[in-house]
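Notes follow once the structure below has been shown.
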Amino acid sequence: MSEGNPLNSTREQRDAKRKRLNSSKSKYDSENTIKRMKEESEDSSGKRKTVTIEANEVKQEVKAKRKRNDSDSEVDIKKQKEDSSNKEDKELWTTLEHNGVYFPPPYVPHNVKMKYDGKEITLEPEAEEVASFYAAMLGTNYVPNETFNRNFFKDWIKVIKKSKNVYNLDFEKCDFTPICEYLEQEKERKKNMSKEEKAKLKEEKIKLEEKYGYCLLDGRKEKVDNFHIEPPGLFRRQVQPEQVTINISKGAKIPSPPEGHKWAGVVHNPTVNWLATWKDINGKIKYVYLAANSSLRGLSDEKKFEKARELKQHIDKIRNDYQTNLRHKNTDTCQMATVMYLIDHLALRVGNEKDTNEEADTVGCCSLRPEHINLIPPNTVKFEFLGKDSIEYINTVEVEDQVFRNLSIFMEGKDERKDLLFDKVNPQKLNKHLSSYMTGLTAKVFRTFNVSTTFQTLLKKLTNDDMSIDEKKKVYNQALQQVLDLCNHQQKISTQSYYIDPRISVAWCLKHCVPYDDETAPNQDHLKHSQSDSGGDKDKSIEKGGSDSTITYQEQPQYAQQVSKILQDKKIFNKSLCNKFKWGMNIDADWVCKLTH
DNA sequence: CCATATAAGTCTGAGGAGGTGCG
DNA sequence: CCGCACCTCCTCAGACTTATATG
């Protein structure tokens, strides 16, 4: 663990090497938006990718063969798997049936002729389709961009060369406006469609939803999240069934691929909860999952919030430790402590390493560079960087003197723009360290924990029993907004606050906004704790932690039913609102308000 | 406004590279 | 000095969550 050991230097060398390698990859441009739309063409990076994929496949085959040789039969492999999986290779389901994924219908040519050098030319359907994608972009600010045009043109020529109407084209002489005009007309026509036509479209959509939108999970009908395969686009070819792997239980009817096609594979893997998977054009893996309100997702949501609640029992020790270690003379330990301080206080994301060239330059805590912070003596730090989704994080905070000192030390002698502020810490190390306090503790849990805790504390502090419903609604929104600000969320007052334990909302709502008769009231024993000390000392009820202070997930649907029944009987609660009151769904102030009116 | 689409994050585990210790 | 067993650390694909954009 000593500093400057040979291990570190070799690692640094390797990193440097990799960086050099990366930067030698050809790239056309640096603009984010266009990045996504580029290079499906055979430039060096594309080639490299395919090579690695092939290499991996070969490796995997070799491995599989070795395994087969070792154990001679498939049965043995299974046994081995079962034996080794007694850790916690949990099966998520026993049976799973579904109808696969939906592919967009094949392209229907419009036969509108574009012009070349003033003359009409005829394109084969595929070439016409790509030309139309481009034509639809006329008038956007992509079109004056040379890189964009070059990439499009290269792609398009490739498509054209496949067809029988081979043209030798010069981009400058292409005129896409006829197609563009046609597309505009079509748009207009669709807008003005008759009621019957619209109804028909809707009906078709519903039909699709019935077929693909549900699956049978352990015999229960459950909703599927997004079963559509993305339609093709300007730089995106249609994903074919041959690329798609289906996951389904053994013996279940295998969904039929579109006519004339077959699936890449059919697997029976109960340890994952995707129904289908494929790779998109950039090699990114896509999945079809169950819907957010399905039992599996609900369960994993529950686990998430349980983890956050569990953290309450360890947070004191964790905080004590990093406070002490802020002064540790070992740089590794000291950096780790500083990172933890920031994650705990500012709810920063962990900041995984990203591919420097391919992606936007966004950062999280571990990937901060000196340029992202500004130290203002005596102890103020101004953070200014792009976070997830390139959302600006600008925050000026006062930190402890020791943190301030640490940051200035970590900045010393570093390249503002290239070096990492915390060069001795990475997300893996951090999470490994965190998990030594509590299994499953990762940086992400701190966000859930911080937000839920803050929310609950604020609600308790701001609410008092004599408030009118409107005042309560206002207070709820205030608390929610503060919590969203903590996360640097852009969307204002969101109904889907993934970070807030919905039990907090439910508990608050039941306590403050739902009028009960004694006879009809659901059992509120679980709430006693939070009730008894409301108005009293804020922190204790939260810190106490155990599942006795708020409703548990198992109880929540039951509560929902009871509460909604009461409210429906009293005609202050309708069905659509009832649907909101389900697993994982947070409750917003409007909902609370509607509840009681 | 809401639901949906899908991009962009986090985190894990397997397997490889390379170090270390021992006969 | 080699060769092997063992360890540790790193990397990356894969799986799953969280966000904003969009229609």
For a quick test of reading the model: is some side-chain N or O of A/Lys429 closer than 4.0 Å to OP1 or OP2 of C/dC9? no
Would you say C/dT17 has OP1 or OP2 under 4.0 Å from some side-chain N or O of A/Ser300? yes
May I have the list of side-chain donor-acceptor pairs in residues 438-446 of chain A shorter than 3.5 Å, sequence neighbours left out?
none

Is A/Lys444 close enough to B/dC11 that one of its side-chain N or O atoms is under 4.0 Å from OP1 or OP2 there? no
Given C/dA13, C/dT20, B/dG9, which nucleotide is nearest the side-chain atoms of A/Lys388? B/dG9
With a cut-off of less than 4.0 Å, is there a side-chain N or O of A/Asn352 near OP1 or OP2 of B/dG9? no
Can you find a side chain N or O atom of A/Asn431 that sits less than 4.0 Å from OP1 or OP2 on B/dC11? yes
I'd like to check the side-chain contact (heavy atoms from CB on, under 4.5 Å) partners of A/Asp419; sequence neighbours left out, ordered by chain and number. A/Lys414, A/Asp415
Under 4.0 Å from OP1 or OP2 of C/dG14: is there any side-chain N or O of A/Thr277 that close? no
Test item: side-chain donor near acceptor, A/Gln482 and A/Thr454, under 3.5 Å: no
Assuming nearest nucleotide by heavy-atom distance, tell me which of A/Arg349 and A/Gln428 is located more 5' along DNA chain C. A/Gln428
Which nucleotide in C/dT20, C/dC16, B/dG9 has an atom nearest any side-chain atom of A/Asp389: C/dT20
Would you say a side-chain N or O of A/Asn273 is under 4.0 Å from OP1 or OP2 of C/dA15? no
Quick one: is A/Thr442 getting a side-chain N or O under 4.0 Å of the B/dT10 phosphate, OP1 or OP2? no
Checking contacts here: which listed nucleotide (B/dA5, B/dT10, C/dC16) is nearest the side-chain heavy atoms of A/His228? B/dA5
Can you check whether A/Lys286 has a side-chain N or O nearer than 4.0 Å to OP1 or OP2 of C/dA15? no
